[in-house]
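Whatever order the structure lists them in is the order used to number ligands and atoms, beginning at 1.
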Amino acid sequence: MKVSGAVPGHRWRLGRSELLALIVLVLGANLLGLNFLHKPQRFTKLPLNYETTLARCRALHVKPAPPPSFCTRKESDRFQPGTRPVLLKNATIWTGGVDGLEVLKGDIFMNRGIIVATGVITKSLLDAYEHDVVDVEGAWVTPGIVDVHAHLGVGASPQLDGADDANSIKGLVLPWMRSVDAINTHDEGYALAVAGGVTTSLILPGSADAMGGQAFAIKLRPTEERSSSSLLLEPPFGLNGSDIDYSLPPRWRHMKHACGENPARVYGGTRMDTVWSVRKAYDDARKIKIAQDKYCEQALGGRWTGLGEFPAELASEALVDILRGKTKVQTHCYEAVDLDAFIRLSNEFQFPVASFHHAHESYLVPEVLKHGYGSPPASAIFSTFSRYKREAYRHSEFAAGILANNGLKVIMKSDHPAIVSRYLIHEARIAHYYGLENHLALASVISTPAEIIGLDHRVGFIKPGYDADIVVWDSHPLALAATPTQVYIDGIAQLTNPHIAKKPASQQHAPKTPNFDKERMDTIKYEGLPPLEPTRVYGTVLFRNISSFWMPGETGVHLAQTGGNVLVRAGVIDWAASDAELDEDAVIVDLHGGSISPALVSAGSTMGLQEIAMESSTADGAVFDPLSMMELPSILGDQFLMRAVDGLQFGTRDALLAYRGGVASAISAPAGSSFLQGLSVSFSLGARHKLEKGAILQDVTAVHVSLSSQFASSVSTQIAVLRRLLLEPRDSSFRQASHGSIPLVVTVHSADIISSLIQLKQEVESKRGSTMKMTIMGAAEAHLLAAELGAAGVGVIQAPPRSYPYDWEHRRMLAGPPLTAQSSAAVLASHNVTVGLGPQGINAMAAMSNWAVRSLRFDMAWVALESGGSISNEAALSMASSNIQKLLGIPPTGANTEYAVTAGGDIFSLEAKVVAMVSPRRGVVDLF
Ligand SMILES: *[C@@H]1O[C@H](CO)[C@@H](O)[C@H](O)[C@H]1NC(C)=O
Ligand SMILES: *[C@@H]1O[C@H](CO)[C@@H](O)[C@H](O)[C@H]1NC(C)=O
Ligand SMILES: *[C@@H]1O[C@H](CO)[C@@H](O)[C@H](O)[C@H]1NC(C)=O
Ligand SMILES: *[C@@H]1O[C@H](CO)[C@@H](O)[C@H](O)[C@H]1NC(C)=O
């Protein structure tokens with residue numbers, strides 16, 4: 001029997017199988033209570049694809065979940081044939097279980113891409129497989145790190161003009177965009193992230209748009225197929241159009257949204273425009289959803305007449321899936337105003353927000369988050385990266401702890417390459433330092449993100465049946481500089497011949513972090529802007545119970561005293577004093593085994609020249625670039641080198657936070673991303689203004705230029721101009737630099753350009769008959785020329801200390817352990833190059849690094865820890881203090897040396913807190 005009809009656009013036809021299906025359908029409908037069989041009906045005309053449509057309709061309300069048999073699987077869908085089973089013996093396993101509190105001692109057995117057993121593993125199980133055995137000798141082992149926010153593969157490393165695929169700027173609302181369509185498989189970032197223990201990343205489109213598109217989770221190991229698709233971890237069905245099985249529950253999808261400045265600025269609109277565009281899009285999607293529900297009600301009821309096609313559009317299907325609770329919404333949102341608006345939206349359209357990314361103010365409005373539709377969103381945050389725009393100005397290092405205390409979920413994320421994904425564990429470490437509990441800190445980069453992206457049935461935990469993504473650490477992962485010694489993804493070891501530095505036994509446990517209760521309370525009280533000024537003591541201060549006292553000397557910092565007390569009068573250490581001579585109003589500070597050491601010195605940021613990097617009204621501004629196409633204003637005459645001292649600002653939050661981190665002074669050169677920078681200044685971070693006694697340490701320290709292939713002029717032009725400026729100086733500072741009476745500091749990363757500079761130095765010296773002082777700043781590729789730099793007497797400020805192939809000029813950077821035996825700083829030092837350490841900022845940009853200066857002491861300790869003994873703590877301390885001064889033309893400070901005082905541990909320790917700064921020049925002890 002055939003039935004055909006004339007519904008527009010369709011041929012209607014029923015064959016034998018369809019007829020049977022119709023009977024089944026009718027019976028099915030009967031079971032559903034839709035017993036239209038009882039009524040006499042005319043034959044219904046069915047569309048050709050009605051079975052698919054019915055399956056689709058039945059699946060309409062099914063929520064994402066792993067298939068029922070998932071937890072008993074014996075093989076991963078990602079299993080790579082040929083991978084041998086591995087037994088990891090004698091591990092200290094942080095499993096992710098019991099809220100991050102579970103730690104097991106024992107073994108882990110992996111086979112066919114999954115974890116088969118943990119703990120005590122029976123001989124009978126092991127005997128069944130021919131397997132490899134790796135004895136990890138009690139090492140800490142965790143699940144692979146999960147990064148909920150990375151632009152690996154879409155924002156290219158190295159950055160190239162033709163390769164930035166992170167943002168489409170073709171509209172505010174682009175829910176149809178998909179990051180998977182742009183995930184480049186050759187990105188330099190994958191292997192580096194894996195070396196940091198990252199195994200899974202959610203690759204998000206950027207934040208230029210209110211809806212930037214769909215995100216996809218990937219695993220970071222290379223695959224045999226070498227395709228973007230083969231990196232995907234449980235991609236949603238439907239990706240290639242032919243892989244939808246409606247009998248299975250759907251898989252999670254992910255959508256990127258953005259609030260606030262970015263979409264508003266990119267499209268020349270306001271926050272109001274952004275929110276309206278999102279509401280409009282959701283309203284349209286809601287109409288489609290209602291039409292679908294109606295359609296399916298009729299189809300499932302067998303009422304096909306006039307129904308036509310299932311109502312769906314490719315452009316909006318992802319949004320409809322958000323409304324159906326099948327998509328995790330990941331929203332870039334910073335300020336209270338934006339969080340509030342988005343939560344309102346989530347309630348208006350009834351969809352839950354998985355997490356707010358950046359969320360710099362979520363700790364200020366926990367109640368707003370708790371009102372989110374469904375369940376409160378997690379906050380995916382940075383530990384200390386902040387104050388680069390207004391949205392990030394009220395960021396707090398205590399946010400993670402405060403959110404956790406409010407029962408809200410905390411995730412640390414990279415936004416790679418903002419924070420290099422490889423160092424995501426360090427974000428957790430620093431969040432822990434400022435008050436996030438140990439188990440939650442580990443969870444914040446492992447199990448919590450796994451849950452938030454809906455993959456906690458297979459990643460983020462070490463449990464039988466889970467993916468064999470495992471990191472073996474050389475020390476406790478929350479200990480400073482902890483590094484993987486091996487990383488397994490899908491049971492496959494990712495590091496070939498890893499270089500492992502021996503770490504002190506003290507690194508094998510999580511640091512006991514200092515008490516920041518008062519700071520945390522003030523942060524909330526002052527809505528993110530607590531007063532940071534120290535208490536100034538001009539009288540006598542006695543520091544008790546010191547573990548070590550380091551002093552500067554001829555050959556760098558050395559240990560002068562262990563144990564005992566130190567008395568300071570008017571900011572000057574009184575060596576002869578004893579407790580008996582204490583004044584009545586003396587302040588006594590117990591350091592509980594803390595240290596006194598030369599205070600740190602920072603160079604390589606724009607400290608003191610700006611408050612908020614992306615707000616021009618808060619900054620000195622950029623210097624004129626004589627090599628851009630514009631003419632220099634003639635009013636400048638021959639004195640075209642600007643002095644940073646003339647544009648200096650005191651009391652910026654970054655300065656005061658760095659001061660509280662043990663950094664007494666900074667050396668800053670005028671800002672600008674062009675060839676000519678100007679004359680740097682050395683100034684105190686604790687002073688209130690320029691006219692205060694001791695505020696300026698030296699008003700001119702060095703001549704600064706930058707060389708890069710990314711400027712308007714060619715590299716060869718820049719070298720030619722530099723040659724001319726040194727050999728035929730018009731400006732008196734260049735004359736001094738050519739004679740060596742002031743250092744020439746060149747910010748440059750490429751080894752090829754550095755080679756040209758070494759030659760230029762020789763040329764100038766032979767023509768002038770004097771020795772130049774040259775310092776290379778940045779210096780990602782300087783390690784390639786370590787011997788030549790050592791021989792030429794050229795010093796290096798490594799900024800950042802841990803480099804990354806951001807662009808072509810950084811691509812030959814040295815990765816450091818476990819990928820290479822030594823870090824760049826250690827290689828340079830071994831060739832007698834004087835090395836200083838700059839801040840670990842963003843994209844190796846000075847203007848985006850002020851926030852990072854406060855962490856210099858951790859960066860210096862890291863250099864010592866990962867060197868395996870080749871760099872002592874004292875040598876690292878010199879790299880963060882006296883070496884920097886030497887490289888930037890500041891004579892030894894002698895009796896004017898400033899000191900940093902820590903309590904609870906020494907200056908290298910994550911257990912210590914800086915409690916005071918001693919400044920003879922300013923005649924004061926600043927207490928925090
Ligand atoms: C595990 O390794 C630690 C450290 O090497 C060692 O002390 C301990 O005896 C080992 N335990 C077992 C069961 O092998
Ligand atoms: C589509 O994807 C499914 C599931 O990954 C796969 O089995 C199938 O071969 C793919 N089809 C094509 C044409 O690539
Ligand atoms: C010094 O501090 C350490 C660490 O807090 C403590 O154990 C010790 O008792 C203190 N010693 C004195 C003399 O106060
Ligand atoms: C570094 O200096 C030391 C001491 O002056 C010297 O013994 C050593 O040979 C030098 N190393 C290099 C690589 O130049």
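Arg429 and His426 share a side-chain donor-acceptor pair at under 3.5 Å. No hydrogens or angles considered: nothing links the side chains of Ser548 and Ser595 as a donor-acceptor pair under 3.5 Å.
Looking at Ser878, its side chain never comes within 3.5 Å of a backbone N or O of Asn883 through a donor-acceptor pair.
Heavy atoms of other residues, nucleotides or ligands lying less than 6.0 angstrom from NZ of Lys913 number more than 12.
In this structure, the side chains of Leu819 and Leu814 stay at 4.5 Å or more apart for every pair of heavy atoms. By the 4.5 Å heavy-atom criterion applied to side chains, Val568 and Val537 are not counted as neighbours.
Around ligand 3, the residues contributing at least one heavy atom under 4.0 Å from the ligand are Asn545, His592, Gly593.
If you number the atoms of ligand 1 from 1 as listed, the ones under 4.0 Å from a heavy atom of Gly138 come out as 1 (C), 2 (O). Using a 4.0 Å cut-off to heavy atoms of Ser830, the atoms of ligand 4 that qualify are 13 (C).
Counting only residues at least two apart or in different chains, salt bridge (Lys or Arg N to Asp or Glu O under 4.0 Å) contacts with residues 497-512 comprise Asp474-Lys503.
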